[in-house]
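Written below as structure tokens is the structure these notes are about.
Note that the numbering runs from 1 along the sequence shown for the chain.
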Amino acid sequence: MAPIKKGSLKTLYLGMLLCYTLTMAPAFAQTPELTAAELLQKAIAFHDPEGAWPTFYGMLSIKLITPDGKERMSTVTIDAPKEYFKLRTAKEGNFTEHSLNKGVCTLSLNGSTSFSEEEAIAHKLDCERAQLLKNYYTYLYGLPMKLTDAGTIIDPEVRTRTFKGKEYLVLKATYDETVGNDTWYFYFDPDTYAMEVYQFFHEEAAKDGEYILLSDFEKVLEMNLPKTRKWYYNKDDTHLGTDVLTQVEALSSAEGKD
């Protein structure tokens, strides 16, 4: 057999490399990088595949469990199209209600809208707080869909971060001054695009703020919602409390607004 010349050996090597590349490359191909808009779209498709959130009319029953074992039950009624919100909270034998109906505020203590100034202070009954509570519950339970709201500024860079031993795709959000001043990060499973963590900072350099772990996703009212939310301080991982979504009920036009 004739000896292989150097030039022929190089040609043979390049041919084998090309063949290997053509046959093996698909198995090791990297997933195309997502834009921030594409990642958010996929996350919304996971959590709200039928587009139910904008027309949501239902009642959420939420149990708050504090680290010392105390519990507080709340029910939140949201009628998104009609801009209606009501929070009813049971605590230490008393029932308070904060409601907003197209911006009109109603407050009550143990079923009565008549209460003293001292009682209002003791039970934190005021209309400014009613608006704060509406923003809080509709934002957290409407995520990630709420990230499309006006005033939300999504950073175009999709970050990859490891948090609590798991790698996530991460979106950063800031807000117009009229909406808020905090910086938020949203952590999505890279395979399912489920939102499993969110985190906010008042001042990121100070490592203040909190992070929230989401788990036990359930299909309710056409949406995939986390049943459990565990809250921690960013600075030292102190556990602040756990919210458990015990029930979600669809309402009709004749229900939920008494």
Honestly curious: do [X] and [Y] fall in one hydrophobic cluster under the side-chain, below-4.5 Å linking rule?
X      : Y      : answer
Met195 : Val170 : no
Phe200 : Leu171 : yes
Trp231 : Leu132 : no

Margin query: Looking at Lys146 and Asp149, is there a salt bridge between them, counting it only when a charged N and a carboxylate O are closer than 4.0 Å?
Written below: yes
Notebook entry, point to check: Are any of the side-chain nitrogens in Asp79 or Lys86 under 4.0 Å away from the carboxylate oxygens of its partner?
Noted result: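 No.
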Qualifying residue, where the test is side-chain contact (heavy atoms from CB on, under 4.5 Å) with [X] and the options are [options]:
X      : options                        : value
Val248 : Val76, Ile62, Leu221           : Leu221
Tyr187 : Gln199, Arg159, Lys166, Glu167 : Gln199
Arg88  : Glu97, Met73, Met59            : Glu97

Notebook entry, point to check: What class does the angle between the rings of Tyr198 and Trp184 fall in, given that below 30° is parallel, 30 to 60° is tilted and above 60° is perpendicular?
Noted result: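 Tilted.
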Note to self: Please check: side-chain N/O of Asn224 versus main-chain N/O of Phe46, any donor-acceptor pairing under 3.5 Å?
What the structure shows: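 Flag set: sc Asn224 to bb Phe46 pair under 3.5 Å.
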Next item on the list: Give a yes or no answer on whether the side chain of Asp155 reaches the backbone of Glu157 with a donor-acceptor pair at less than 3.5 Å.
Entry: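 Such a contact is found between Asp155 side chain and Glu157 backbone.
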Suppose we call two aromatic rings close when their centres sit under 6.0 Å apart. Are [X] and [Y] close by that rule?
X      : Y      : value
Phe188 : Tyr193 : no
Phe217 : His47  : yes
Tyr168 : Phe163 : no

